[in-house]
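All remarks here apply to the structure that follows.
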Amino acid sequence: MDREEYVEAVLRAVESIPEGRVSTYGDIAAYVGQGGPRQVGAVMREYGGGVPWWRVIRASGVPADEVGDEQLQLLRGDGVRITDGKVNLRAVRWDPDE
DNA sequence: AACCTGACGGTAT
DNA sequence: CATACCGCCAGGT
């Protein structure tokens, strides 16, 4: 899998996250089956436009500093409940094989 | 090839 | 809960 295919695979995975659900960098990486959380983050930084990037968050439920507040707002727009500045992943974490 | 970098994650303190 | 550390892994210099 070359880099371009990798980027496509990651973007497809992110596009498949339904409104109201959230995934993590690590989960996306595992689903794609290549690279790690940091690679997924790198793809989002460069090609995140065009896909629902705000549905990808750290495993802790706290957004990356770069996008912080905006991400939380967009998630609220999706109907995701935010508590103390973080997402409750136990409630909305998305499993691709669902 | 060596070294730095980082939209990360898990563990320890 | 906050910080520190270390492991990870690919891209850039």
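Owing to the predicted nature of the structure, the values given are computational and were not obtained by experimental measurement. Naming convention: chains lettered A, B, ... in sequence-line order (proteins, then strands); numbering from 1 in each chain.
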Between P on dG7(C) and CZ on R38(A), what's the gap in Å once rounded to a whole number? 13 Å

If you take any heavy atom closer than 4.0 Å to DNA chain B, which residues from residues 73-95 of chain A end up in contact? none

I need the full list of salt bridge (Lys or Arg N to Asp or Glu O under 4.0 Å) pairs touching residues 12-31 of chain A, with sequence neighbours left out, sorted by first then second residue. R21(A)-E98(A), D27(A)-R93(A)

Which pairs pass side-chain hydrogen bond (donor to acceptor under 3.5 Å, both in side chains) with one or both residues in residues 41-60 of chain A, sequence neighbours excluded? R3(A)-E46(A), W54(A)-D78(A), R55(A)-D78(A)

Sorted by number, the residues of residues 58-72 of chain A with heavy-atom contact under 4.0 Å to DNA chain B: R58(A), A59(A), A64(A), E66(A), V67(A)

Applying the 4.5 Å side-chain criterion to the ILVMFWY set and letting contacts propagate, would I28(A) and V7(A) be lumped into a single cluster? yes

Taking CZ in R81(A) as the centre, count heavy atoms belonging to other residues, nucleotides or ligands within less than 6.0 Å. Is the count above 12? no

Check the distance between dC9(C)'s P and Y6(A)'s OH and give it to me in whole angstrom. 11 Å

Just wondering, are more than 12 heavy atoms of other shown residues or ligands nearer than 6.0 Å to CG in D95(A)? yes

What are the bounds, 5' to 3', of the part of DNA chain B that sits under 4.0 Å from heavy atoms of chain A? dG6(B) to dG10(B)

If we ignore hydrogens and angles and just use 3.5 Å, is the side chain of Y6(A) paired with the main-chain N or O of M1(A) as donor and acceptor? no

Euclidean distance, atom CD of residue Q39(A) to atom C1' of dG12(C) [Å, nearest integer]: 13 Å

Can you name the nearest heavy-atom pair linking Y31(A) to A13(A), along with the distance? CD2-CB, 4.0 Å

Indicate the atoms forming the closest heavy-atom contact of Y25(A) with A64(A), along with that distance. OH-CB, 4.3 Å

Going by heavy atoms closer than 4.0 Å, what residues in residues 43-51 of chain A are next to DNA chain B? M44(A), R45(A)

Given V87(A) and V92(A), is the side-chain contact (heavy atoms from CB on, under 4.5 Å) satisfied, shown in steps? CA-CA 8 Å; V87(A) 171; V92(A) 300; 3.5 Å; yes

Apply the test side-chain contact (heavy atoms from CB on, under 4.5 Å) to residues R76(A) and L72(A): give CA-CA distance (whole Å), side-chain angles for both, the deciding distance (0.1 Å), then the verdict. CA-CA 6 Å; R76(A) 281 195 189 90; L72(A) 294 178; 4.1 Å; yes

Is it true that V56(A) and V62(A) fall in one hydrophobic cluster, defined by side-chain heavy atoms closer than 4.5 Å? no

If you look at every heavy atom in P63(A) and G85(A), which pair is closest and at what distance? CD-O, 3.9 Å

Note: G35(A) and A29(A) closest approach over all heavy atoms is O-CB, 4.0 Å

